There are 2 protein chains.
Amino acid sequence: MHTETTTSTDEQLRLAKDDFITQWGVIGNAWGISRTMAQIHALLMVSPEALSTDQIMEELQISRGNAHSNLRELVSWGVVKSVIKKGERKEFFASEKDVWKMFCTITRERKRREIDPALNVLIDCVQTTSEMDGPAVKEFHEQLVELCEFVQLASNVMDKVATAEESKALPLALNWLKSRKLTKVPEED
Amino acid sequence: MHTETTTSTDEQLRLAKDDFITQWGVIGNAWGISRTMAQIHALLMVSPEALSTDQIMEELQISRGNAHSNLRELVSWGVVKSVIKKGERKEFFASEKDVWKMFCTITRERKRREIDPALNVLIDCVQTTSEMDGPAVKEFHEQLVELCEFVQLASNVMDKVATAEESKALPLALNWLKSRKLTKVPEED
DNA sequence: TATAATTTTCAATAAATACTGAAAATATTA
DNA sequence: TAATATTTTCAGTATTTATTGAAAATTATA
C-alpha cells in the first residue's frame with residue numbers, strides 16, 4: 001500500500017467548498033454584511049443537509065453566541081429557515097437555495113428596513129417645506145420632492161419584485177438582456 | 001421695536017435644511033454609509049452654491065481631516081464634483097442634483113466595486129468545480145452556476161442603467177408603475 | 001525667491017461593531 | 001418531578017471603522 005499522492009474527490013470537494021465559503025465571506029464583507037453571517041449563509045447554501053448550530057460552529061470555528069446571533073439574523077431576513085428533524089432534539093438550519101427566491105426575499109426585507117423609513121423621513125421634510133414660502137424654500141422643496149419621488153418609485157419597484165410569486169417570473173421578465181459568456185471582468189489594481 | 005415672536009423665513013429654511021441633513025445622515029447610516037459622508041452629501045444637495053471645505057466643517061461641526069476624506073470619497077463615487085470659482089483660491093464642492101443621474105452614477109460605481117469582484121470570485125469557483133467529478137460535486141457546481149448567472153445578470157442590468165445616457169430615459173422606462181399618493185408607510189414598533 | 005493659503009497625510013483616539021464564553025433560561029426526556 | 005439537552009442572553013474583550021488635530025506637503029501669490 002503506497003501513500004496517496006492525489007487528493008481524494010471528497011477532500012477536493014471539501015476544499016472547494018471551504019474556498020467558496022471564505023470568498024463569500026469576503027464578498028459579503030465588501031457588501032456591508034458581517035463576514036461571519038455571509039460565511040454561515042454560504043455554508044448552508046452548499047450543504048445538501050440542514051446543519052445544527054454545533055456543526056456550523058465546528059465548520060467555521062466560531063463561538064456559540066456568534067453562530068446563534070448570526071443564524072437568528074439570517075432567519076429574520078428570511079433566507080435561512082429553521083428545520084426540525086424527526087428524532088433529533090436540536091434545531092437545524094437550511095438556506096433557501098433558489099437564487100431568485102432569495103433575491104425576492106431580500107428585496108422585500110430591504111424595502112421594509114431601508115426604503116420605507118427613508119420615505120417617511122422625506123415625506124415629513126416635503127410637508128414641512130410645502131408650508132413655507134420664498135424662492136429659496138421653493139428650490140429646496142423641489143429638490144426634496146424629486147428625491148421623494150425617486151424613493152417612492154424604488155419602493156414600488158421593490159414591491160413588484162418582492163411579490164413576484166413565481167421565482168421564474170423575474171428571470172423571464174429580464175429577458176431583454178442577452179446573456180454573455182462567463183468571462184472575468186478585468187481586476188482593479 | 002418689539003421682540004420677534006415668529007421665526008423669520010430664512011431661519012425656518014435653515015432649520016428645515018438642518019433637519020433634512022440630520023435625517024439623511026440617519027438614513028445613510030442605516031444604508032451602511034458613514035453618517036458624516038451622508039450629511040455632507042445632503043448639505044451639498046440642498047446648497048444653491050458650491051461650498052468650501054471650511055464652510056462644510058463649520059456647518060456640520062466636523063474636523064478638517066474628516067471633511068476632507070469624506071469629500072474625496074464622494075468625489076470618487078462621482079456624486080460630488082470639485083468646482084473652481086474664479087478669483088477664489090480654494091476648492092469648492094457641488095453635488096449632482098439630478099436624482100436620476102445620481103442613481104446612474106452610483107449604480108456604475110457599485111457594479112465596478114461590488115458586483116464585478118464578486119463575479120470574478122464566482123467564476124473561479126465554477127471553473128474549479130467543473131474539473132471535478134462525483135454527484136456531490138455536481139450539486140455544488142450547479143448551485144455555483146446559478147449564483148454566477150444571477151450575478152452576471154445583475155451586472156448586465158447595472159451596465160444598462162449606468163449607460164442610460166439621458167437621465168430622463170429611466171423614469172420613462174419604469175413607467176409600468178403607476179404612481180401612488182405621497183403617503184407614509186406604517187412605522188415599525 | 002520667500003510668504004501665505006490651502007490641501008493632504010497620519011498617528012493618536014474615540015466610537016461602533018463583532019465575537020467569545022460562560023451563566024441563565026428554556027425545553028425535552030426519563 | 002429531576003436530570004439533561006439545547007437555546008438564549010450578555011458582560012467583557014477584540015477588532016474594525018470613524019474622527020480629530022496638528023504637522024507636512026503642496027500650491028499659489030507677492
Side-chain angles (χ1 to χ4, degrees), chain A residues 21-22 24-44 49-77 79-94 113-114, chain B residues 21-22 24-44 49-77 79-94 113-114:
Chain A
I21 291 164
T22 305
W24 196 250
V26 174
I27 291 170
N29 206 233
W31 291 5
I33 294 149
S34 104
R35 191 190 314 287
T36 306
M37 198 166 119
Q39 286 183 345
I40 295 178
H41 185 217
L43 172 60
L44 293 177
E49 306 288 326
L51 302 180
S52 69
T53 303
D54 292 78
Q55 288 174 301
I56 292 163
M57 288 165 60
E58 165 65 19
E59 185 74 38
L60 303 178
Q61 292 294 297
I62 57 176
S63 71
R64 182 173 304 282
N66 195 8
H68 175 78
S69 61
N70 280 295
L71 278 167
R72 288 296 147 216
E73 186 75 3
L74 285 165
V75 168
S76 88
W77 273 90
V79 291
V80 164
K81 292 252 183 304
S82 152
V83 172
I84 303 131
K85 285 193 184 178
K86 62 180 177 183
E88 286 280 7
R89 205 151 143 176
K90 39 172 165 283
E91 200 174 5
F92 289 76
F93 298 91
R113 297 179 189 211
E114 296 170 4
Chain B
I21 291 164
T22 304
W24 197 251
V26 174
I27 291 170
N29 206 234
W31 290 6
I33 294 149
S34 102
R35 190 190 314 286
T36 306
M37 196 166 121
Q39 286 183 345
I40 295 178
H41 185 218
L43 172 60
L44 293 176
E49 307 287 328
L51 302 180
S52 69
T53 303
D54 292 78
Q55 288 175 301
I56 292 162
M57 288 164 61
E58 164 65 21
E59 185 74 38
L60 302 179
Q61 293 292 299
I62 57 175
S63 73
R64 183 172 304 283
N66 194 10
H68 176 78
S69 61
N70 280 294
L71 277 166
R72 289 297 145 215
E73 187 74 4
L74 285 165
V75 168
S76 88
W77 274 90
V79 292
V80 164
K81 292 251 182 303
S82 151
V83 172
I84 303 130
K85 285 194 185 179
K86 60 180 176 183
E88 286 278 9
R89 205 153 143 177
K90 41 173 163 286
E91 199 176 5
F92 289 75
F93 298 92
R113 299 178 187 210
E114 297 170 4

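On a predicted model such as this, the values are computed, not experimentally measured, just so you know. Hydrogens, waters and symmetry mates are skipped; everything else that's a heavy atom, side chains included, is used. Protein chains get the first letters and strands the later ones, always in sequence-line order, with residue 1 at the start of each.
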Q) So with a 6.0 Å cut-off around CD of B:E88, is the heavy-atom count from everything else above 12? A) yes
When rounded to whole Å, the CG to P distance for the pair B:D54 and C:dT7 reads 7 Å
In whole angstroms, the gap separating C1' of C:dA18 from CE of A:M57 amounts to 16 Å
Rounded to whole Å, the CZ-C1' distance (A:F92 to D:dA5) equals 13 Å
From CG of B:L60 across to C1' of D:dT20 the rounded distance in Å is 15 Å
Comparing nearest nucleotides in DNA chain D, the 5'-proximal residue of the pair B:Q61, A:F93 is A:F93
Exercise for the section: Pick base, sugar-phosphate or nothing for B:S69, based on heavy-atom distances below 4.0 Å to the nucleic acid. Expected result: nothing
Presence of B:H68 side-chain N/O under 4.0 Å of C:dT7 phosphate oxygens OP1/OP2:
no
Q. Below 4.5 Å, heavy atoms only, C-beta onward: do A:V79 and A:L44 meet side chain to side chain?
A. no
Any donor-acceptor N/O pair under 3.5 Å between C:dT28 base and A:R89 side chain
yes
Note: for B:R64 and A:K90 on DNA chain D, the residue whose nearest nucleotide lies more 5' is A:K90
Taken to the nearest whole Å, CE/B:M37 to P/D:dA18 is 10 Å
Between CD of A:Q55 and C1' of D:dT6 the distance, given in whole Å, is 14 Å
Tell me whether the side-chain N/O atoms of B:T36 come closer than 4.0 Å to OP1 or OP2 in D:dA18. no
### Message
Do A:F92 and A:E49 make a side-chain contact, defined as non-hydrogen atoms from C-beta onward lying under 4.5 Å apart?
### Response
no
According to a strict under-4.0 Å criterion, is B:N66 in side-chain N/O contact with OP1 or OP2 of D:dA18?
no
Which of C:dC19, D:dT19, C:dT7 is nearest the side chain of B:T53? It is C:dT7
Given side chain to side chain contact (heavy atoms under 4.5 Å, CB included), test A:W77 with A:M37 step by step and report yes or no.
CA-CA 11 Å; A:W77 273 90; A:M37 198 166 119; 4.2 Å; yes
B:E73 CD to D:dT17 P, in whole Å, measures 13 Å
**Prompt:** Taking OP1 and OP2 of D:dT8, is either one under 4.0 Å from a side-chain nitrogen or oxygen of A:R72?
**Reply:** yes
Exactly one candidate in B:D54, B:I84, B:T53 meets side-chain contact (heavy atoms from CB on, under 4.5 Å) with B:K90; the answer is B:D54
The residue, A:N70 or A:E88, whose nearest nucleotide of DNA chain C is more 5′ is A:N70
- prompt: NA contact type, B:R35, heavy-atom cut-off 4.0 Å: base, sugar-phosphate, or nothing?
  reply: nothing
Between CD of B:E91 and P of D:dA25 the distance, given in whole Å, is 20 Å
